[in-house]
Protein chains: 2
Amino acid sequence: MAGKAAEPGVIWARPERTGRGPRPAYTRADIAAAAVRIADAEGLDAVSMRRVAGELGCGTMSLYNYVPRKEDLYELMVDAVSAEHELWGPAGDWRADMRRVAQQTRALMHRHPWLTRLMSPVYGFSPNALRYLEHCLTCLDPLQAPYGMKMQLVGMLNGCVTSYVATELAGAERTRSLPWSQEQENAVRIAYFGSQVATGAYPRLAAAFTEDPGPIDLEGAFELMLNRMLDAFEPRD
Amino acid sequence: MAGKAAEPGVIWARPERTGRGPRPAYTRADIAAAAVRIADAEGLDAVSMRRVAGELGCGTMSLYNYVPRKEDLYELMVDAVSAEHELWGPAGDWRADMRRVAQQTRALMHRHPWLTRLMSPVYGFSPNALRYLEHCLTCLDPLQAPYGMKMQLVGMLNGCVTSYVATELAGAERTRSLPWSQEQENAVRIAYFGSQVATGAYPRLAAAFTEDPGPIDLEGAFELMLNRMLDAFEPRD
DNA sequence: CCTAGTTACGTACACCGTACGTAGTGCGCT
DNA sequence: AGCGCACTACGTACGGTGTACGTAACTAGG
């Protein structure tokens, strides 16, 4: 008799170890690390229960003792990499601090390209997510504003960074499971785009396409977007 | 002999009908509509090749004559609902026009809650996406700025709207495939959140949680965020 | 007319998440 | 001390997925 009926529950609310029974062979950290290792090396789609169990060296179904649903495995992964966030003692310049936070988030997502796909608002309650949130609010202490607005700032910042990095990575993570290269895919897409623009139906798009882009500077563009966004929260008189 | 080797290709670049052979029984629009119908009614996870084929009334593998990979089916779906974007003749107030664009995007995503999950930068080249982009650029004609910046504005706007709506919908789409209700799930998560905050480790989070939120006005909050964002692109002197 | 390229679709394969049953293990309670 | 229960471990099995491939019917171009 084992069949525990499926029930709603956050994985963080279950204790990792209860008194009874043999001691678990793996910790949650072990499992998360294994899953992250696979996702980093072979892409998110390579992360399956069987694969993770294999990486750990245990039977597939044993994993379910630790992780009730695959969804929870994802949650573990997001929390695990969230621990990479550096939490410093803010110096008093909230704009500079938030810029640094955003830069780190971006770097994190570059290190773990699958993160943008898993970034869901529902995962916002994991231990490391809470720590991260508290840190952001600490950075925002000098900003004279209600917490509601600060939360909005953090949410908007995260949203924008996520979507920005998702655009940056675009096919990179996507084409990992495909049999052809990202360059090939891009070439085909751009060719189609060019053919459409050439019809003359999209004059402004055409102009945008042929406009001299100036020196391409991804870092600079990101910094610029950040500044714009933070400007929006500067208290007005 | 049928096995066409997998090759990179945008679905929009393939002609819908070539001269030879029997005339196809369905149009791309038919297929997209069927998939959208299923996703709207039963959630994105219910959209499988078999299910769509069933909805159309044809064999599963026949679908692959129209749609080389499932990924392309997704692309069809996004393009199909993108057609719902109303494209009006801009009156000359770019801020007002962009606000309207954003409002419509939000409404669209509420009508099709699966959209936030499929919103990928790679789908930005579909016919209706191009039309939409051109429309945005037209709205931005009065804004004195290089196209590069305008593209950035549109991208940032879309990113923010997407992440905002994703937060709004949070569990709604997610819990469709789960055996318990969203309320149950939320209750459990909030309970855990409360227990963590009660430890005292997150003083600012605690304060934010207990702060009087004032009258809750989702529409207003969205409008506010929009204005903040547009402010950021107002030309400075 | 012929034939090459297309549509249609059944079968089959590898893989997925996971329900369930069974066996072994060690803590907590009586 | 020892019973019993909660836990770990894991094999098997089921219903689902995307899709490769083979075959038969069909139709427009040469």
Side-chain angles (χ1 to χ4, degrees), chain A residues 1-7 9 11 14-28 30-31 35 38-39 42-77 174 176-180, chain B residues 1-7 9 11 14-28 30-31 35 38-39 42-76 174 177-180:
Chain A
M1 188 52 161
K4 199 68 167 303
E7 53 178 81
I11 186 156
R14 332 174 117 200
E16 211 180 331
R17 168 116 173 82
T18 57
R20 296 285 234 286
R23 39 175 21 78
Y26 314 98
T27 66
R28 243 170 231 172
D30 291 336
I31 295 171
I38 296 170
E42 302 166 46
L44 183 58
D45 294 334
V47 175
S48 73
M49 297 301 273
R50 282 171 236 261
R51 184 79 179 67
V52 173
E55 182 85 8
L56 287 169
C58 71
T60 306
M61 293 316 289
S62 307
L63 246 193
Y64 282 89
N65 284 322
Y66 303 86
V67 174
R69 301 169 324 225
K70 188 176 185 194
E71 188 78 22
D72 293 312
L73 180 62
Y74 286 152
E75 204 154 340
L76 245 50
M77 291 172 70
R174 213 179 83 83
R176 292 188 72 139
S177 52
L178 265 45
W180 52 80
Chain B
M1 187 47 165
K4 199 70 165 300
E7 52 178 83
I11 186 157
R14 329 176 118 203
E16 213 181 328
R17 169 116 173 79
T18 56
R20 295 283 235 285
R23 41 173 24 80
Y26 314 97
T27 66
R28 239 168 234 174
D30 290 335
I31 295 171
I38 295 170
E42 302 166 47
L44 184 58
D45 294 334
V47 175
S48 73
M49 297 301 272
R50 283 170 235 262
R51 185 78 179 71
V52 172
E55 182 84 8
L56 287 170
C58 70
T60 305
M61 292 316 288
S62 307
L63 245 193
Y64 280 89
N65 285 320
Y66 302 87
V67 174
R69 294 163 323 185
K70 186 172 188 200
E71 188 79 22
D72 293 311
L73 179 62
Y74 286 151
E75 203 154 342
L76 246 49
R174 213 180 82 83
S177 51
L178 265 46
W180 51 81

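On a predicted model such as this, the values are computed, not experimentally measured, just so you know. Every chain is numbered from 1, with letters handed out A, B, ... down the list of sequences.
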inquiry  = Looking at C:dT7, I'd like to know if its phosphate oxygens (OP1 or OP2) sit under 4.0 Å from a side-chain N or O belonging to B:Ser62.
reply    = no
Here the gap from B:Arg51 atom CZ to B:Leu63 atom CG, rounded to the nearest 0.5 Å, amounts to 12.5 Å
Residues A:Ala35 and A:Val47: closest non-hydrogen pair is O-CG2, 3.7 Å
In whole angstroms, the gap separating P of C:dT22 from CG of A:Asn65 amounts to 17 Å
CZ (A:Arg28) and CZ (A:Arg17) are apart, to the nearest 0.5 Å, by 13.0 Å
For a quick check of understanding: with a heavy-atom distance under 4.0 Å over all strands, which category does B:Tyr26 fall into, base, sugar-phosphate or nothing? nothing
Residues B:Tyr66 and B:Ile11: closest non-hydrogen pair is O-CD1, 3.7 Å
Output for pair (A:Leu56 CG, A:Ser62 OG), nearest 0.5 Å, gives 10.0 Å
Rounded to whole Å, CD1 of B:Ile31 lies from C1' of C:dA8 at a distance of 13 Å
Rounded to whole Å, CG of A:Leu56 lies from P of D:dC10 at a distance of 11 Å
Separation of C:dT6 atom P from B:Glu16 atom CD, nearest Å, is 15 Å
Between the CG atom in B:Asn65 and the OH atom in B:Tyr26, the distance rounded to the nearest 0.5 Å is 11.5 Å
When rounded to whole Å, the CD to C1' distance for the pair A:Glu71 and C:dT18 reads 14 Å
A:Asp72 CG to C:dG17 P, in whole Å, measures 13 Å
A:Arg14 atom CZ is separated from D:dA6 atom P, nearest whole Å, by 15 Å
Short heteroatom pairs, N/O only, protein and nucleotides 27-30 of chain D, under 3.5 Å:
residue: D:dG29; atom: O4'; partner: B:Arg20; partner atom: NH1; Å: 3.4

- Query: For B:Asp30 and B:Thr27, does a side-chain donor sit closer than 3.5 Å to a side-chain acceptor?
  - Reply: yes
Smallest heavy-atom separation, A:Val67 atom then A:Met49 atom, equals O-CE, 4.3 Å
Under a 4.0 Å heavy-atom criterion, the protein footprint on nucleotides 12-18 of chain D, written with B, S and -, is B----BB
Heavy-atom nearest pair, A:Ala46 first then A:Ile38, reads O-CG2, 3.8 Å
